[in-house]
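Scope of the values below: all heavy atoms of this structure, side chains included, with no hydrogens, waters or symmetry mates.
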Amino acid sequence: MQVVGHTEHPEAREIVASAHCIQRFRQRMPVREPGVEEVAAALRAALEDTEVSGWPPAWAVSDRPAELWAVTRDGAIAFPLARTPQPGRWLAVTCLRRE
């Protein structure tokens, strides 16, 4: 399953969720409806509801530094981003949730 979210950020116009990110999203943000499409739709909506910046939220703990972060507007979910070879396309390497 490939999940791609689009943003208005000039450097990160497209965010692609890694397999690990999808797995973590499923664990941390339970989707009530069964099925892959429902999870993909919920993750896509979350990615498209983010603000992208070079700063992680204060609560985010990651073992790897990220050049950019996508954080949902309500501040509940953060996605550390990694650059891909394609300009404007970034990879969400995991999904972190504020506890």
### Atom pair CG/CD1 of L81 and I15 - distance to nearest 0.5 Å
5.0 Å
### Message
Let me confirm one number: the SG-CD distance from C95 to Q23, rounded to the nearest 0.5 Å.
### Response
11.0 Å
### L91: hydrophobic cluster co-members (side-chain, 4.5 Å)
V4, V16, V93
### Message
Contact between W90 and E14 at the side-chain level, heavy atoms closer than 4.5 Å - yes or no?
### Response
no
### Message
Measuring from atom CD of E8 to atom CD of E51, what distance do you get when rounded to the nearest 0.5 angstrom?
### Response
11.5 Å
### Query
Short question: side chain of R97, backbone of R28 - any donor-acceptor pair under 3.5 Å?
yes
### Summary
For W59 and L96 the tightest heavy-atom approach is CH2-O, 3.6 Å
## Note on the structure
Here the pair of heavy atoms bringing C21 nearest to T94 is SG-O, 3.7 Å
### Heavy-atom side-chain proximity of R26 to L43 below 4.5 angstrom
no
### Message
We want to know whether R24 and Q27 form a side-chain donor-acceptor pair, criterion being a heavy-atom distance below 3.5 angstrom.
### Response
yes
### Summary
Sequence neighbours excluded, the answer for side-chain contact (heavy atoms from CB on, under 4.5 Å) partners of E37 is none
### Message
Using 0.5 Å steps for rounding, measure from the CG atom of D49 to the CG atom of D74.
### Response
6.5 Å
### Task
Check whether any side-chain heavy atom of R13 lies under 4.5 Å from a side-chain heavy atom of H6, and answer yes or no.
no
### Message
On a heavy-atom basis, which atom in L47 and which in T50 lie closest, and how many Å separate them?
### Response
O-OG1, 2.7 Å
### Summary
Taking every heavy atom of R44 against every heavy atom of G5, the minimum-distance pair comes out as CG-CA, 4.5 Å
### Summary
V71 meets the side-chain contact (heavy atoms from CB on, under 4.5 Å) criterion, sequence neighbours left out, with P57, W69, A78
### Query
CE of M1 to CD1 of I22: how many Å apart, nearest 0.5 Å?
4.5 Å
### Query
Where do H9 and V52 come nearest, in terms of heavy atoms and distance?
CD2-O, 3.3 Å
